[in-house]
Structure formats: C-alpha cells, structure tokens
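As structure tokens, the structure follows; a few thoughts come after it.
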Amino acid sequence: MAVNAHRSGYSYLVLERAADVGGTWRENTYPGCVCDSPSHLYSLSFAAKPDWSSRYASQPEILAYLQKTARDFGVIPHIRFGEQVTDLTYDEQKKFWSIATATGQIYKARFVVSAVGQFNQPNIPDIPGLNNFGGTVMHSAQWDHDYDFNGKSVAVIGTGSSAVQIVPQLADKASHLTVFQRTPRWIVGKNNRRFGFWQRFVFRYFPFVKWAYRLKIHWDQEKAWPALLRESMQKTERTAALTAEMKEKVADVRLARKLIPEHPPGYRPILLTDDYLPILQRNDVDLVTDGISRIDKDAVVTDSGDRIPVDCIVMATGFKSHDFLPGINVTGRCACNLHRQWQLTGGAEAYLGITAPFFPNLFFMFGPNTNLSHTSVIFMLECQTNYVIEAIKTVQEKNASSIEVMRSAEERLYSSLGYWIFLTVWENEHIGKHGDKIANYYWPKRTRDYWWKTLTIDEDHYMIS
Ligand code: NAP
C-alpha cells in the first residue's frame, strides 16, 4: 500500500505498533515456520524475488524479504514505529480522519487504510484451570526461545497450519508429545525442495521465466477452485485422492480414522506437510481426540477423565481472526461506531472487504470475506491496494473530498456472495443477521472475479462529495 501510494504521488505515513516491519512473519518465530504458499507467488508483484531458496520459503527468509522490500522502496523513513492506534475519528465538517495513538499523538489524514491483518491476536482458549498450570504455556505466535524442550513432556493443543509445523520440530526433543486434535484437517504432501544454483540463475537473469513460473503456480491454484464447489466432480475427485493419500501414509487404521476429516477439502485450508503424519505414528507421540475438560497443576485432563501429565503446553490454537481492527475505536459519519455496526450486522462486513457505509475515506486491507483457501492472499492484497488508489484518484478527479460506499451496494454484494457461499463447501457456515455471511470469512469465488471487481471504482455504488 505504501509503495503504491508513493508511486501514485501521494504523501503517506505508516503507523506501526511494533519496532520493525514484517507483521505476521515477524511475530511467528516458532521452529519450523514455513510458508504454505509457493514463494514465487507469495511475493509482491513489484518486488518479485528471483532467488528464493526453496519452493516454500521459511519465516526468516520471508521476514528478510519484507524488510528488504520496505528498505529498497524507501518506505522505512515514512514509518512511525511504536505507535499503536487506539482511535480513528472522522470529522464530518472537515472530512478528515483524526488518528489517536497510545503514546498520545494525534495524526490527521484525509484517507486512512487499515492494514492490521487478521492474525494479530493470539487465541488462548479459556480452559478451566489453565491459569493454575504449574508448567510453561506458550502460544505459537509468542514462542519462548529460551525454553528447553529436551526431555520434557509436551502437549500441543490444535492441529492447524502452525501445529503441523511445530509438532515435528518438538518430537525429537520432548520425552513425550501429546497432540490434542479437536477437528481433523485434510493433509497433503508438501514436497518442498530447494532451488538449485542454475534455477536461481535463470529466475534472476531471464525474468520472463520467473514470471511464467509465477503465472503457472497462480493458474494451477486458480484451476483448483471448482473443487470448492460442493456439487463438483473436482470436489469428489479431490476427496478421494486425499483420502487415499492419507490412508497410504497412516498404516494404523484407527489412527487414520481419527485423522481423516468428514468435512470436504477446502472447508478449512488443506495442510501441507510431509513430516507430521509419520511423527504421529511414533510410540512417543499420541494423538488425542477427546475434548479437554480442564488443566491441573501438572496435567491436561480429557473429557473421558484421562490425566496426561505435561511440563509444557503449546497453544497452536490460532488467532481471534473474527475481530477486525481489534483495540481500535472507529467512529465514522453520524457518530457511527464501526464495531457496534458490525455487532448489528452479526459480524464484520465490508464492500469487497474494503469499504464500509458511514465510514468515508476509510479502507481495509485483508478485510472481511477476503481470505482464501485455494491460493495466495498476496494477490487479494494487491487488488485492494489498486482499489484504494483508484478510489482516491476518483475523489481527486471529481474535485471532491470524500468517498463512501452505499449501504445498498454492500447489501447487494452480500446477497450475491451468499448465493456463491451456498454453492460451495462453506454452505453450512452462514452467520450474520441475514445468514448470508460465512463464519470463516472466505471469498467464495475465483480470485479473478475479485480482481475484476476491484479493477475500477463503480461510482454508482459510492457517494462522492
Ligand atoms: P488455526 O488454523 O486457526 O488452527 C487452530 C487450531 O487450534 C485448530 O485445530 C483448532 O481446532 C484448535 N483450537 C482452537 N481452540 C481450541 C480449543 N479451545 N481446544 C482445542 N483446540 C482448539 O490456527 P493456525 O494454525 O495458527 O493458523 C492461523 C492462520 O495462519 C491460518 O489461516 C493459517 O492458514 C495461517 N498459517 C499459515 C502458515 C503458513 O503459511 N506456513 C503457517 C501457520 C499459519 P478447530 O479446527 O476445531 O477450531
């Protein structure tokens, strides 16, 4: 967003509560943290890195890439680090936003873009007794690198993307590892491999090869989108293929039965890993599918009364991803409060995930209903930056000072999204006042549809004044 704003000739300021750039890739430093999107697609189009070390890059390499990109494009001097935004207040008369931070600073801006992400608040489950646990508790995004796992009995709660990367890293160190699974997830081999010298050489000195490769990954992933339709042949084929793959990798039929989900693939992101399933079959690793009833001073106790003594609990329990703009009090036109408005609509909603009625000149990146289950979210983010710039240009061209989406446009979009959701594997996930939103906030169509919709501003959907 910053680079795009600069390139379009706008002055901008970035407020960042941390001391460095990197977002989720700065926060998540757990062992084994590797991206699940192929690196050549998980890069910004204007800074497509030719020398990724492997097909799926690891956290340190991605963080270094983000930091280098920010430096190379001159973004760093425009960032105020250590500034946590607490209040955004719209001045209707002046058509300006006032941005208050925890340090007591007040900034003014005509346009505000929220890029706070969805994975910034660790979800620590409220399990009875957790506060009295005598051992160590850590969340995957708050890793304690000083903790020595050697010889310890460790519990990992959760079996999502973070967990399947953490578990193989801990298995060799811990004396015993217990993995608590609530909902099984589809798992497919990752087949990560390093790029050799010549591959990196070709990507660097023959850029069209790099672009062709990137395009091919994008196309292959987009081609897989029909498998998300609940009545599609592709979904049936994918379910059969994944079931066969998981059964082949897990010899123990009882374990395989615990691991193979009943929901269709894509309902939750499919997990990519080569070492998780073999690890679960070791004698010193247990997969527990009983619920957790409480935590004692030195043990986790399951619903069926089993007491599992542990020294350390790793919470791989994800993030409070439904709380958009957490901790920021947003007051728009007519003193409308954003979070109260989202309470009334039964969950966060925004037109194309980017704009909301009553909040002129405010834009969201990675907003409601823009997550993906089949390809890289970077593509969506770049569509959003383009849309924001188009909106600002539209205001300028009309000699206006504000742009605000109409409620009717947002409602029409959500009823169309509701129709698409009904066709997909997320059909049962409706929430919200009208039952037309999905709890897991995915964009239910192809990314090319999103690209098309965000290419230009449909002025009929906006009040520009
Ligand atoms: P996640 O996908 O939300 O998984 C959280 C896990 O914790 C789930 O298995 C969940 O079970 C379980 N859980 C939550 N509360 C629980 C409770 N009270 N008791 C028992 N289990 C509980 O979180 P994540 O793995 O940290 O991933 C978060 C996001 O980051 C995802 O979108 C993921 O794709 C992304 N991510 C990407 C990468 C990568 O690219 N390498 C790596 C990590 C994460 P239920 O399923 O039953 O809720």
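When a ligand or atom number is given, it counts from 1 through the structure's own listing order. Side chains included, hydrogens not; waters and symmetry mates left out as well; all remaining heavy atoms used.
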(message) A side-chain contact here means heavy atoms from C-beta on lying under 4.5 Å apart; do Ser114 and Phe363 qualify?
(response) no
(request) Flag the pair Trp52 / Ile62 as yes when at least one side-chain heavy-atom distance between them is below 4.5 Å, and no otherwise. (result) yes
Does either side chain, that of [X] or that of [Y], offer a donor lying less than 3.5 Å from an acceptor on the other one?
X: Tyr450; Y: Gln384; answer: yes
X: Glu222; Y: Thr375; answer: no
X: Thr273; Y: Asp275; answer: yes

If hydrogens are left out, which of [options] has an atom nearest to [atom], that is, the closest non-hydrogen atom?
atom: atom 37 (C) of ligand 1; options: Ser161, Ser58, Pro122; answer: Ser161
atom: atom 47 (O) of ligand 1; options: Ile292, Thr183, Thr273; answer: Thr183
atom: atom 22 (C) of ligand 1; options: Arg182, Arg268, His263; answer: Arg182
atom: atom 39 (C) of ligand 1; options: Thr317, Val34, Asp126; answer: Val34

(request) Using the side-chain contact (heavy atoms from CB on, under 4.5 Å) rule, pick out the option among Val21, Val116, Ile79, Val85 that qualifies with Glu16. (result) Ile79
(message) Please report whether the ring centroid of Phe379 lies less than 6.0 Å from that of His218.
(response) yes
[X]: numbered ligand 1 atoms lying under 4.0 Å from its heavy atoms:
X: Gly158; value: 6 (C), 7 (O), 9 (O), 12 (C)
X: Asp36; value: 38 (C), 39 (C), 40 (O), 41 (N)
X: Ile157; value: 20 (C), 21 (N)

(message) So, 4.0 Å and heavy atoms of Arg185: is ligand 1 close enough to count as a contact?
(response) yes
(request) Report the nearest protein non-hydrogen atom to atom 4 (O) of ligand 1: residue, atom name, distance rounded to 0.1 Å. (result) Gly160 CA, 3.7 Å
(message) Can you report which non-hydrogen protein atom sits closest to atom 6 (C) of ligand 1, along with the distance?
(response) Ala316 O, 3.3 Å
(message) Check this for me, if you would: do Arg307 and Asp298 make a salt bridge, where the nitrogen-to-carboxylate-oxygen distance has to be below 4.0 angstrom?
(response) yes
Considering distance alone, does some N or O of [X] sit under 3.5 Å from an N or O of ligand 1?
X: Ser140; value: no
X: Tyr30; value: no
X: Ser37; value: no
X: Asn371; value: no
X: Ser162; value: yes
X: Thr159; value: yes

(request) Tell me, yes or no, whether the heavy-atom count around Asp303 atom CG, taken from other residues, nucleotides or ligands under 6.0 Å, exceeds 12. (result) yes
(message) Could you check whether Arg230 makes a cation-pi contact with Phe422, meaning its NZ or CZ is under 6.0 Å from the centre of the six-membered ring and within 45° of the ring axis?
(response) yes
